[in-house]
Engineer: 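Pasting a structure here, questions to come.
As a basis for the values below, the full set of heavy atoms in this structure was taken, side chains included, without hydrogen atoms, waters or symmetry mates.
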Amino acid sequence: MYSVNSYQYNNYNTVKPLKATPVKNDESVKDTKTSFTSNPIMTQIPFNAALSASSLRTVLTTKDEKNKYNELQKIADRDTKRYLNYLLKSGILLNSASNNKTTTLDNLYQIASTPRAQGLSNANILKETVAILTDPHTITQQFGNIPASYQAQTAALAGNSPDVNVDHSGTCVASSIEFNLAQKHPAEFARFVEGLSSPQMAVNKNIKLKNLADNTLDAVWLLNAFEIPYKANNFDEAELTFAPDKNAIVRAHIQTVDKDALERSSVDVLMQSTFMQVGSQQSYDTLTDKRAGKFNQNDKGLIEFEKTFTESVVEDKNKISVTYQTVDENAKLIGYETDFATMKKQINDALKLGENVIIGYTQVDGTNTIINGHEITIIGTRTDKNGKTVFICNDTDDNISRPVEYLEEYLLPKIHHAALPQSVIGDDVNITENWVQGLRTYKETKRQAA
């Protein structure tokens with residue numbers, strides 16, 4: 001887990017995204033994004049390293065697999081049955097690339113056949129999980145409204161705060177990580193959902209300490225700094241416990257009984273709360289969408305350093321956060337750390353490895369001062385008729401449950417940072433380990449608060 005030049009702008013926050021003007025098929029318009037329809041049952045499956053790492057299994061072969069599949073079919077509604085068939089035929093259902101080697105099917109069966117946390121429904125959690133795995137573009141960060149019958153309860157739990165009616169969430173980092181987990185690691189996604197929606201409302205995961213820092217003691221420093229519960233098994237691995245904040249169950253229950261179109265599912269609530277907890281040093285409150293923590297003075301969203309840590313432990317991969325924009329102490333964009341050609345090559349090289357690339361992009365005012373930031377996920381590219389690169393992206397905050405496209409001239413200048421595999425960086429930039437970045441961030445936050 002490394003950082004490249006990320007110290008320069010620690011107040012990068014994830015709030016309301018920039019809304020570009022949509023166009024249809026006019027590629028001569030450069031400052032816009034386009035969207036395209038996608039039928040999840042008919043869409044060709046993109047390259048997926050998790051599904052390609054082992055033989056693709058699309059047929060139920062054992063008695064146990066057949067029994068579990070039949071049990072799911074018994075409680076599934078018509079759409080869920082259809083989606084289950086799609087997951088089987090696509091290789092997603094029998095994928096076993098999870099932390100404990102269980103398959104997607106194993107974890108869906110656990111969701112359906114064992115108790116869920118109070119206020120949650122087996123059938124509903126199953127339905128939502130299957131729907132997300134069928135089409136992860138349905139994941140959203142849009143908070144639902146609090147019905148009148150729950151207003152008093154939620155207000156009391158939030159300390160009579162008026163902020164429980166969240167107009168716009170700061171969970172774009174968490175929802176982007178949720179999307180990536182669902183699309184690239186379906187068995188692990190289902191395992192997370194099973195644990196987080198169980199009566200324990202937690203899931204354990206073994207991670208390699210080298211994916212956090214080269215030195216074991218530095219990796220342990222990071223785990224302690226982020227206050228995530230863990231048990232060090234040896235000098236190489238640690239078992240982490242992921243859990244949502246204590247108020248997440250209230251939001252999840254409300255979204256179970258009162259979910260409107262384009263609002264978060266109860267699964268979205270639990271996953272995003274958990275990842276916000278990880279990044280905010282266990283200080284997040286789902287009811288108000290506010291956080292505290294030692295690394296950020298802003299009470300919304302996650303900063304770049306927190307995002308990188310969260311991605312690294314969720315995926316158990318050595319993620320490098322590369323900062324492309326040069327920003328001064330007044331949050332003014334004054335230049336770039338590299339040219340756009342290098343930026344584009346690094347992103348493309350990551351995509352060729354089968355990785356999605358979660359990026360943070362900025363919006364500036366007339367004086368080039370950053371006034372807004374948002375996280376989206378680049379999932380692919382294509383070339384337009386003029387030979388220009390078009391980035392295919394997922395945005396969890398645009399109310400569009402399908403991919404969107406950004407022309408390279410529009411997107412590249414706006415990218416503040418990107419999470420990339422170390423192998424695509426090479427000697428292009430100097431790399432700073434994130435435990436060093438963490439100390440710098442902590443000291444700077446303390447200085448600003450003084």
Engineer: Checking Thr114 against Arg116 for the side chain to side chain donor-acceptor pair (under 3.5 Å) test, could you report, in this order, the C-alpha distance in whole Å, the side-chain angles of both residues, the deciding distance, and whether it holds?
Structural biologist: CA-CA 7 Å; Thr114 61; Arg116 298 297 91 199; 2.7 Å; yes
Engineer: Between Gln110 and Asp106, is the side chain to side chain donor-acceptor pair (under 3.5 Å) condition met? List the steps.
Structural biologist: CA-CA 6 Å; Gln110 284 292 106; Asp106 292 331; over 6 Å; no
Engineer: Ignoring hydrogens and angles, state whether a donor on the side chain of Asn165 or Gln151 is under 3.5 Å from an acceptor on the partner side chain.
Structural biologist: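 Yes - a donor-acceptor pair under 3.5 Å links their side chains.
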Engineer: Side chain to side chain donor-acceptor pair (under 3.5 Å), that's the test. Do Ser169 and Asp289 meet it? Break it down for me.
Structural biologist: CA-CA 6 Å; Ser169 83; Asp289 191 38; 4.7 Å; no
Engineer: Determine, for Arg191 against Glu194, whether the closest basic-nitrogen to carboxylate-oxygen distance falls under 4.0 angstrom.
Structural biologist: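 The answer is no: the pair does not qualify as a salt bridge.
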Engineer: Using atom types as modelled and distance alone, determine if a side-chain donor or acceptor of Lys127 lies under 3.5 Å from a backbone N or O of Asp77.
Structural biologist: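 No.
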Engineer: Thr62 and Asp64: side-chain donor and acceptor closer than 3.5 Å?
Structural biologist: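 Asp64 and Thr62 do not have a side-chain donor-acceptor pair below 3.5 Å.
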Engineer: State the CG-CG distance between Leu270 and Asp245, to the nearest 0.5 angstrom.
Structural biologist: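 Here the interatomic distance stands at 9.5 Å.
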Engineer: Using only atom types and a distance under 3.5 Å, with no angle test, would you say the side chain of Lys300 pairs donor to acceptor with the backbone of His168?
Structural biologist: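 Such a contact is found between Lys300 side chain and His168 backbone.
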Engineer: Does some side-chain heavy atom of Phe295 sit less than 4.5 Å from a side-chain heavy atom of Phe309?
Structural biologist: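 The answer is no, as the side chains (C-beta and beyond) never meet within the 4.5 Å cut-off.
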Engineer: Within the side chain of Ser90, is there an N or O that forms a donor-acceptor pair under 3.5 Å with the backbone of Tyr86?
Structural biologist: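 Pair found, side chain donor or acceptor close to backbone of Tyr86.
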Engineer: Using only atom types and a distance under 3.5 Å, with no angle test, would you say the side chain of Glu306 pairs donor to acceptor with the backbone of Ile303?
Structural biologist: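 Yes; at least one donor-acceptor contact below 3.5 Å.
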Engineer: Taking side chain as C-beta onward, heavy atoms only, is Phe179 less than 4.5 Å from Asn356?
Structural biologist: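 Yes; the side chains approach each other to less than 4.5 Å.
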Engineer: Rounded to the nearest 0.5 Å, what separation is found between the OG1 atom of Thr396 and the NE2 atom of His137?
Structural biologist: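 Going from the OG1 atom of Thr396 to the NE2 atom of His137 covers 12.0 Å.
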Engineer: Could you check if a side-chain atom of Thr104 sits within less than 4.5 angstrom of a side-chain atom of Leu108, using non-hydrogen atoms only?
Structural biologist: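 The answer is yes; the side chains approach within 4.5 Å.
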Engineer: Can you name the nearest heavy-atom pair linking Ser273 to Thr286, along with the distance?
Structural biologist: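 Looks like OG-OG1, 3.2 Å.
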Engineer: So, taking the atom named CG in Leu105 and the one named CG in Leu60, what distance separates them when rounded to the nearest 0.5 Å?
Structural biologist: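 One gets 7.0 Å once the value is rounded to the nearest 0.5 Å.
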Engineer: Determine whether Gln325 and Ile370 satisfy the following criterion, side chain to side chain contact (heavy atoms under 4.5 Å, CB included), listing intermediate values before the conclusion.
Structural biologist: CA-CA 11 Å; Gln325 292 183 340; Ile370 295 175; 4.1 Å; yes
Engineer: Would Asn233 and Asn206 count as having a side-chain donor-acceptor pair, cut-off 3.5 Å?
Structural biologist: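 The answer is yes; a qualifying pair exists.
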Engineer: I need the minimum non-hydrogen distance between Ser283 and Gln277, along with the two atoms involved.
Structural biologist: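 Residues Ser283 and Gln277, closest heavy atoms: N-OE1, 3.2 Å.
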Engineer: Give a yes or no on whether the ring-centroid distance for Phe305 and Phe226 is below 6.0 angstrom.
Structural biologist: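 Yes, ring centres under 6.0 Å apart.
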Engineer: Evaluate the criterion side chain to side chain contact (heavy atoms under 4.5 Å, CB included) for residue pair Leu94 and Leu88; output intermediate values, then yes/no.
Structural biologist: CA-CA 7 Å; Leu94 297 178; Leu88 176 61; 4.0 Å; yes
Engineer: Check Val357 against Ala419 and note the closest heavy-atom contact, atom names and distance.
Structural biologist: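 It is CG1-O, 3.7 Å.
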Engineer: So does Lys317 pair up with Glu355, basic N to acidic O under 4.0 Å?
Structural biologist: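 Glu355 and Lys317: salt-bridged.
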Engineer: Start with the C-alpha distance between Leu93 and Thr103, add both sets of side-chain angles, then the distance that settles side chain to side chain contact (heavy atoms under 4.5 Å, CB included), and finish with yes or no.
Structural biologist: CA-CA 7 Å; Leu93 192 66; Thr103 65; over 6 Å; no
Engineer: Under 3.5 Å, is there a donor-acceptor pair linking the side chains of His416 and Glu375?
Structural biologist: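 No pair is found: no donor N or O on one side chain lies under 3.5 Å from an acceptor on the other.
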Engineer: Only pairs at least two apart or in different chains count here, so list each salt bridge (charged side-chain N to carboxylate O under 4.0 Å, His left out) that has a residue in residues 138-165.
Structural biologist: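 Salt bridge (charged side-chain N to carboxylate O under 4.0 Å, His left out) check on residues 138-165 returns Asp163-Lys290.
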Engineer: Might you work through the side chain to side chain contact (heavy atoms under 4.5 Å, CB included) test for Leu212 and Ser312, ending with a clear yes or no?
Structural biologist: CA-CA 7 Å; Leu212 295 181; Ser312 296; 4.1 Å; yes
Engineer: Which distance, rounded to the nearest 0.5 Å, do you find between the CG of Leu84 and the CG of Asp79?
Structural biologist: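 Between atom CG of Leu84 and atom CG of Asp79 there are 11.0 Å.
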Engineer: Are the side chains of Lys332 and Thr369 in contact, using a 4.5 Å heavy-atom criterion?
Structural biologist: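 Of all side-chain heavy-atom pairs linking Lys332 with Thr369, at least one is under 4.5 Å.
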Engineer: Could you tell me whether Glu71 and Lys68 have a side-chain N and a carboxylate O separated by less than 4.0 Å?
Structural biologist: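 A salt bridge is absent here (no side-chain N lies under 4.0 Å from a carboxylate O).
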Engineer: Please examine the side chains of Lys205 and Glu188, heavy atoms only from C-beta on, and report whether any two atoms are closer than 4.5 Å.
Structural biologist: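 Heavy-atom side-chain distance check passes, below 4.5 Å.
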Engineer: Roughly how far apart are Leu120 CG and Met201 CE, rounded to 0.5 Å?
Structural biologist: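 That separation rounds to 6.5 Å.
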Engineer: Any idea which heavy atoms bring Thr274 and Phe242 closest together, and the distance?
Structural biologist: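 Here Thr274 and Phe242 meet closest at CG2-CB, 3.8 Å.
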Engineer: Got a second to check how far Asn399's CG is from Leu262's CG, nearest 0.5 Å?
Structural biologist: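 Here the interatomic distance stands at 5.0 Å.
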Engineer: Do Gln272 and Glu178 have side-chain N/O donor and acceptor atoms under 3.5 Å apart?
Structural biologist: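 Side-chain D/A pair, Gln272 to Glu178: present.
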Engineer: Locate the shortest heavy-atom distance separating Ile378 from Leu411; write the atom from each residue and the value.
Structural biologist: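 Of all heavy-atom pairs spanning Ile378 and Leu411, the closest is CD1-CD2, 4.2 Å.
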Engineer: Should the pair Glu65-Arg57 be classified as a salt bridge under the 4.0 Å nitrogen-to-oxygen rule?
Structural biologist: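 Yes, this pair counts.
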Engineer: Where do Asp135 and Ser401 come nearest, in terms of heavy atoms and distance?
Structural biologist: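 Of all heavy-atom pairs spanning Asp135 and Ser401, the closest is OD2-O, 3.9 Å.
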Engineer: Are Ser266 and Ile125 side-chain neighbours, meaning at least one heavy-atom pair lies under 4.5 Å?
Structural biologist: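 Contact flag for Ser266/Ile125 side chains = yes.
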